[in-house]
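Accompanying notes for the structure given below.
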Amino acid sequence: MAQKPSIPKGTRDFSPQEVARRNYITGAIREQFERFGFQPIETPSFENYDTLMGKYGEEGDRLIFKILNSGDYLKKVDESAWSEKDVVRLTPQLSEKALRYDLTVPFARYVVMHQNEIEFPFKRYQIQPVWRADRPQRGRFREFYQCDADVVGAPGIVQELEFIQLYDRVFASLGLEGVTIKLNHRKVLSGIAEVIGAGDRLTDFTVALDKLDKIGRDKVEAEMAQKGISPDSIRRAAPLFEMQGSTSEQLGALKKLLAGSAAGREGVGELEEILAQTEALGLRAATCQLDVTLARGLNYYTGTIFEVAAPEAVNMGSIGGGGRYDDLTGIFGLNDVSGVGISFGLDRIYLVMEELGLFPETLDRALDVFCINFGEEEAREALKLVMRLRSRGIRADLYPNDTKVGKQFKYADKREVPYVVLIGDEELRAGQFTVRDMRKGEQRSYPLEAWSDFADSLEP
RNA sequence: GUGGUUGUAGCUCAGCUGGUUAGAGCGCUGGAUUGUGGUUCCAGAGGUCGCCGGUUCGAACCCGGUCUUCCACCCCA
């Protein structure tokens, strides 16, 4: 090892403990996904360059990891692009593949490619890593996992209700309380822009509005003005900044503001219905609330928009998000297929759970029974016992060689093994094995042939 | 992509205005205890001070570059 090895910026190794904890989270998510009727699919870690580029906006294109062509990758480069250092023209000549940036676009591609084999409505889930060439921060990595569930071919608001329930059940099963599911509607946003006379500035308007709780009203108004939204429009948007009170009060204010917009009225109507029915169904761990400043993923969402905020006690951005897109597969040539979906951010949920101390201690235990090795003859008997216990589904192991007993115990202690079995020459002569309960510090013996009594005594 | 920040033993961190042999706690190894971990006591090992270059008689410390960490933007899970 000439140099210290390292891993790329924004990537991580995962220890056994971390993998156990990550599996605990994905296990809970997977279980609920399946319980709600979703089926798993997987897609390649890299896609064709053209499949991904242009799907996430200009910012997204910048953050996509491009894969350099193999072989003589300069062969196809055209001279003028090269001499002008024109990156936009050059990149597609150097790269024909790119790393998956999210799970939604590959899913849309999948649906289009397999449309004749799929039963619609198609409910799929997908738990895979994605890559972004972003600058890392806490809870922001260049390689991270998304856990997505989407439905295509299912119009109407039943799916929206289902997704709120799904979010809630996952967080409830993880013991993660206090998360907030924020809800908004693309048509509400475009309706507002329309009625205040900023319909042509929808994106600038919503991007600025999104920052309201972060930078405050004055700065939001300043940003809107700076983006070319007229003072009159900003003045007419005033009710938005003053929205307070109960959900029904907010909905009332929205309805009033949006009276002149058909799309806006439709959006408010859907939100009202979703909120009312969610109220009726009830939630276990999360709360659901209307948030008109929520403006994510404008590039493709066309209906409901979701974002999940971590509990307030934890400083972490969103731990999930999603929404409805009426025509996502349209970009791949399949029109009029409606989709709606949500995503869980595994890596961020991990950080939140760690900070709140929500991981069960039993996750750190990889062995139930551990046998001390006293030598060849004793080890043969121990191995026989180990195999019997394993056949009963008990995680059992034998120390590989007969080093000092103290050292073997220390190893068992570090591994947090609850039961240590001793088969030394004393036990061998008596035809017994001794079990030490490491937590209680008590020991008892069983006849060798009564191993199943011991197995029965272990908690399932 | 912009601005800032961090890096010293396996881990968490000290290290004065630049001064000779870089420290602590925890962990690790051995012993007290050759069939008993988690407590205690004793001893020991372990460091190109992120990396490259510069200033200086002399650099962990100052300067430049680079990598990394974290933070604020941008954006987002």
Side-chain angles (χ1 to χ4, degrees), chain A residues 1-12 15 25 29 56-64 87 100-104 127-148 167 179 203 207-208 210-211 214-215 219 223 294-299 306-310 315-322 341-352 370-375 378 399 402-428 433-443:
Chain A
M1 200 165 63
Q3 285 155 303
K4 281 183 187 169
S6 63
I7 55 175
K9 190 204 300 216
T11 65
R12 298 146 300 156
S15 66
I25 297 172
I29 293 172
Y56 308 100
E58 207 176 307
E59 185 71 11
D61 284 358
R62 205 195 79 211
L63 297 176
I64 290 172
V87 176
R100 184 169 56 215
Y101 177 87
D102 74 352
L103 300 177
T104 307
I127 299 176
Q128 288 192 281
V130 302
W131 295 269
R132 294 185 188 176
D134 210 349
R135 191 174 288 209
Q137 277 179 44
R138 174 179 154 81
R140 172 180 294 194
F141 307 97
R142 290 184 148 184
E143 176 182 63
F144 63 96
Y145 272 72
Q146 288 190 331
C147 313
D148 277 27
Y167 265 137
V179 304
T203 303
V207 165
D210 189 47
K211 297 175 187 168
K214 215 171 180 178
I215 63 177
K219 287 184 178 169
E223 181 170 330
L294 174 59
R296 65 176 23 253
L298 233 60
N299 286 320
F306 304 106
E307 180 168 287
V308 182
N315 176 28
M316 180 66 62
S318 64
I319 56 175
I342 58 170
S343 181
F344 290 82
L346 167 62
D347 303 83
R348 288 188 178 177
I349 293 171
Y350 183 103
L351 290 170
V352 169
F370 178 77
C371 286
I372 302 291
N373 188 326
F374 284 94
E378 295 89 336
Y399 199 82
D402 61 342
T403 52
K404 283 188 188 138
V405 174
K407 190 180 161 134
Q408 297 189 47
F409 263 97
K410 210 163 184 168
Y411 177 80
D413 187 49
K414 288 269 162 62
R415 297 278 310 261
E416 299 190 50
V417 181
Y419 298 98
V420 170
V421 165
L422 299 104
I423 304 180
D425 57 344
E426 288 169 33
E427 284 82 2
L428 221 46
F433 64 96
T434 302
V435 177
R436 180 176 180 81
D437 182 325
M438 295 292 276
R439 289 168 296 195
K440 291 183 186 154
E442 295 166 358
Q443 295 188 187

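Lettering follows sequence order; numbering is per chain, from 1.
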Nearest to side-chain heavy atoms of [X], which nucleotide of [options]:
X         : options                : answer
Arg436(A) : C75(B), G38(B), A72(B) : G38(B)
Glu59(A)  : C75(B), A77(B), U36(B) : C75(B)
Asp425(A) : G35(B), A72(B), C74(B) : G35(B)
Glu426(A) : G38(B), G35(B), C74(B) : G35(B)
Glu427(A) : A77(B), G35(B), G37(B) : G35(B)
Gln137(A) : G37(B), G35(B), A72(B) : A72(B)
Asp413(A) : G37(B), G1(B), A77(B)  : G37(B)

Would you indicate what [X] reaches in the nucleic acid, counting non-hydrogen atoms under 4.0 angstrom: base, sugar-phosphate, or nothing?
X         : result
Gly57(A)  : nothing
Gly322(A) : nothing
Lys211(A) : sugar-phosphate
Ser343(A) : nothing
Ile319(A) : sugar-phosphate
Gly317(A) : nothing

Point to revise | Under-4.0 Å side-chain N/O to phosphate OP1/OP2 contact, Lys404(A) with U33(B) | key: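 Checking Lys404(A) against U33(B): no side-chain N or O falls below 4.0 Å of OP1 or OP2.
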
Nearest-angstrom distance, [atom1] atom, [N] to [M]:
N      : M      : atom1 : result
G10(B) : G27(B) : P     : 16 Å
A14(B) : C61(B) : C1'   : 14 Å
G15(B) : C76(B) : C1'   : 41 Å
C71(B) : G65(B) : C1'   : 23 Å
C57(B) : C62(B) : C1'   : 16 Å
G64(B) : U55(B) : C1'   : 11 Å
G47(B) : G4(B)  : P     : 36 Å
C49(B) : A24(B) : C1'   : 16 Å

Is a side-chain N or O of [X] found less than 3.5 angstrom from the main chain of [Y], in a donor-acceptor match?
X         : Y         : result
Arg348(A) : Ser318(A) : yes
Gln408(A) : Thr403(A) : yes
Tyr167(A) : Gly321(A) : yes

In whole Å, what is the span from the [atom1] atom of [X] to the [atom2] atom of [N]?
X         : N      : atom1 : atom2 : value
Tyr56(A)  : A77(B) : OH    : P     : 11 Å
Asp148(A) : A77(B) : CG    : C1'   : 10 Å
Lys410(A) : G31(B) : NZ    : C1'   : 12 Å
Lys407(A) : G38(B) : NZ    : P     : 14 Å
Met316(A) : A77(B) : CE    : C1'   : 10 Å
Arg348(A) : C76(B) : CZ    : P     : 11 Å
Asp134(A) : C70(B) : CG    : C1'   : 14 Å
Ile7(A)   : G50(B) : CD1   : C1'   : 15 Å

Check your understanding: Quick one: on RNA chain B, does Val417(A) or Thr11(A) contact a more 5' nucleotide (nearest heavy atom)?
Key ->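 Its nucleotide being nearer the 5' end, the pick is Val417(A).
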
**Study point:** Most 5' of Arg62(A) and Asp347(A) on RNA chain B, judged by nearest nucleotide
**Key:**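 The residue whose closest nucleotide sits nearer the 5' end is Arg62(A).
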
If we call it a pair only when both distances are under 3.5 Å in a Watson-Crick or G-U wobble match, what pairs with [N]?
N      : value
C62(B) : G54(B)
G47(B) : none
C16(B) : none
A22(B) : none

**Study point:** Aromatic ring proximity Phe370(A)/Tyr411(A), centre distance under 6.0 Å
**Key:**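 That pair passes the under 6.0 Å test.
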
Review point. Taking the side chain as C-beta and beyond, is there a heavy-atom pair between Arg132(A) and Ile64(A) under 4.5 Å?
Key: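 A side-chain contact under 4.5 Å is absent here.
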
Review point. Do Asp102(A) and Gln146(A) have side-chain heavy atoms sitting under 4.5 Å apart?
Key: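 Result yes, sub-4.5 Å side-chain heavy-atom pair found.
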
Less than 4.0 Å between a side-chain N and a carboxylate O, is that true for [Y] and [X]?
X         : Y         : result
Arg142(A) : Asp134(A) : no
Glu442(A) : Arg436(A) : no
Asp347(A) : Arg12(A)  : yes

Review point. Under 3.5 Å, is there an N or O donor on one side and an acceptor on the other linking the side chain of Arg135(A) and the base of C75(B)?
Key: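 Looking at the base of C75(B), it does not pair with any donor or acceptor on the side chain of Arg135(A) (distance under 3.5 Å).
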
Check your understanding: Is there a donor N/O on one and an acceptor N/O on the other, under 3.5 Å, for the side chain of Gln443(A) and the base of U36(B)?
Key ->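 Yes, the side chain and the base share a sub-3.5 Å donor-acceptor pair.
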
Exercise for review: Please list residues of residues 138-145 of chain A whose heavy atoms come under 4.0 Å from any atom in RNA chain B, ordered by number; otherwise none.
Suggested key: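 Hits under 4.0 Å, by residue number: Arg138(A), Gly139(A), Arg140(A), Phe141(A), Phe144(A).
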
Review point. Is the Tyr56(A) ring parallel, tilted or perpendicular to the Tyr101(A) ring (thresholds 30°, 60°)?
Key: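 Judged by the thresholds at 30° and 60°, the geometry between Tyr56(A) and Tyr101(A) is tilted.
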
Check your understanding: Which heavy atom in Ala412(A) sits nearest to a heavy atom in Val420(A), and how many Å separate them?
Key ->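 Looking at all heavy atoms of both residues, the closest pair is CB-CG2, 3.7 Å.
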
